[in-house]
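Written out below as structure tokens is the structure these notes cover.
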Amino acid sequence: MLALLHTSPVHVPVFDALRDRHHPGLRLRHTVDEELLAGAGAYGPRTVADAVRAALAGAVAGGAAAVLCTCSTIGAVAERCAADVGVPVLRVDRPMAAAAAAHRRIVVVATVASTVAPTVALIGEELRRGERGRGGQGGPGRVAGRVEACREPELRESGRSAGPRPQPDRGATVRAGRAWGVRGPADGAEGADRAEPDGSGRVRAHLVEGAWERFESGDLDGYLDAVAAAVDAVREADVIVLAQASMADAAARATTPVPVLSSPRPGLAAAARAVAAGTTAHPCR
């Protein structure tokens, strides 16, 4: 069984649909803890490490052979907990980041400020892994990564989530919660042109202002349209990365000829392989 740790309930039907389409024999068990993102956004991802570890331990106690964290903000924290829980813990955006690293000019589009730094850093990891695989050719990486604010923003990947579908044995959906006391973006992140370490100088990031408020208010169409508009406004890019799983359906609404990558489908595929292999290999390979 694969456990999925979400910070929004909207991800549950998305991953159920992907499972139905691509991994029909895979049992899923969903845990939704919206306060993990609230706490990470307000105080930084490391401050929720104990809560993430507890959620992962609960999933393993419930029989999970692997856990997939679908929140990019806390993905690195979840990965680091793998040794503590004894099963593979994967972040949904790592396969997407690895694919993006094959390109020269990479643009990350995000709607939550606290997601920008973890996503850019992850792409940096994958870029450095690629350099090592090529014997270090290409010289040392630079610390760069510009963050720009986009007004009225969202995006495109192959394969939107399906509509209503039959309800096979999906396993349980567990809701967790706690009071952090504060909600909101970390580090005053609504500003533009903030430097983020990506390890290469090849990554730019765009924060779509106002989009997340639409998402939180339940205006999913407005959210996706804003992301698609931001994606279509990107220039001088060889690939565009949608930083959050919630943005995936925006890819189908964008018209840019630039490849647009999203995380749910490749992330679930990697987790399904981990379950099938029954291995406790390190998520960073």
Side-chain angles (χ1 to χ4, degrees), residues 1-20 22-40 43-98 114-115 118 122 125 167-180 244-246 263-285:
M1 182 263 286
L2 173 66
L4 295 92
L5 176 60
H6 309 292
T7 54
S8 172
V10 302
H11 299 316
V12 173
V14 170
F15 283 90
D16 279 344
L18 287 171
R19 184 277 311 276
D20 292 347
H22 302 290
H23 313 282
L26 181 64
R27 283 190 60 224
L28 303 182
R29 184 174 188 266
H30 302 280
T31 296
V32 179
D33 190 341
E34 296 172 274
E35 296 302 328
L36 290 176
L37 180 58
Y43 307 116
R46 293 181 182 179
T47 64
V48 299
D50 289 344
V52 170
R53 186 177 296 105
L56 297 174
V60 173
V67 184
L68 178 65
C69 177
T70 66
C71 177
S72 298
T73 297
I74 64 170
V77 173
E79 272 192 340
R80 286 194 290 269
C81 293
D84 297 331
V85 299
V87 303
V89 177
L90 301 89
R91 54 187 296 177
V92 72
D93 50 352
R94 186 171 287 281
M96 174 183 67
S114 61
T115 301
L122 176 62
E125 288 180 30
Q167 301 293 321
D169 175 19
R170 303 197 179 288
T173 298
V174 180
R175 285 181 175 273
R178 67 188 55 76
W180 293 100
Q244 297 141 235
S246 62
S263 60
R265 181 174 174 178
L268 182 61
R273 289 192 296 270
V275 171
T279 176
T280 56
H282 191 281
C284 294
R285 299 185 299 279

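Treat the numbers as computed from the prediction; the structure is a model and nothing was measured. What you see below is based on every heavy atom in this structure, not just the backbone, and it leaves out hydrogens, waters and symmetry mates.
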#### Entry: Nearest-0.5 Å distance that lies between atom CG in Leu268 and atom NE2 in His23
4.5 Å

### Query
Which heavy-atom pair separates Met96 from Ser263 by the least distance, and what is that distance?
SD-N, 3.6 Å

### Task
Identify the two heavy atoms, one from Ala66 and one from Ala274, that lie closest to each other, and give their separation to 0.1 Å.
CB-CB, 4.3 Å

### Query
Heavy-atom distance under 4.5 Å between the side chains of His11 and His30, does that happen here?
no

### Query
What's the shortest heavy-atom distance between Val87 and Ala65, and which atoms?
CB-O, 3.5 Å

### Nearest heavy atoms of Ala78 and Val52, plus distance in Å
CA-CG1, 3.9 Å

#### Entry: Spacing of CZ belonging to Arg91 relative to SG belonging to Cys71, to within rounding of 0.5 Å
9.5 Å

### Task
Not counting sequence neighbours, which residues clear side-chain hydrogen bond (donor to acceptor under 3.5 Å, both in side chains) with Thr7? List them please.
none

### Task
Determine the minimum heavy-atom distance between Pro118 and Thr73, stating which atoms define it.
CG-O, 3.8 Å

### Query
If you round to the nearest 0.5 Å, how far is CG of Asp93 from OG1 of Thr115?
9.0 Å

### Query
So how far is it from Leu4 CG to Leu68 CG, rounded to the nearest 0.5 Å?
5.0 Å

### Task
Answer yes or no: is there a side-chain heavy-atom contact under 4.5 Å between Val67 and Val85?
no

### Task
With side-chain contact (heavy atoms from CB on, under 4.5 Å) as the test, would you mind laying out the steps for Cys69 and Val77 before giving the verdict?
CA-CA 10 Å; Cys69 177; Val77 173; over 6 Å; no

## Note on the structure
Closest non-hydrogen contact found for Cys81 with Leu56 is CB-CD1, 3.5 Å

### Heavy-atom side-chain proximity of Val14 to Thr70 below 4.5 angstrom
no

### Summary
Interatomic distance, OG@Ser8 vs CD@Gln244, rounded to 0.5 Å, equals 10.5 Å

### Query
Taking atom CD of Glu79 and atom CG of Leu90, what is their separation to the nearest 0.5 Å?
7.0 Å

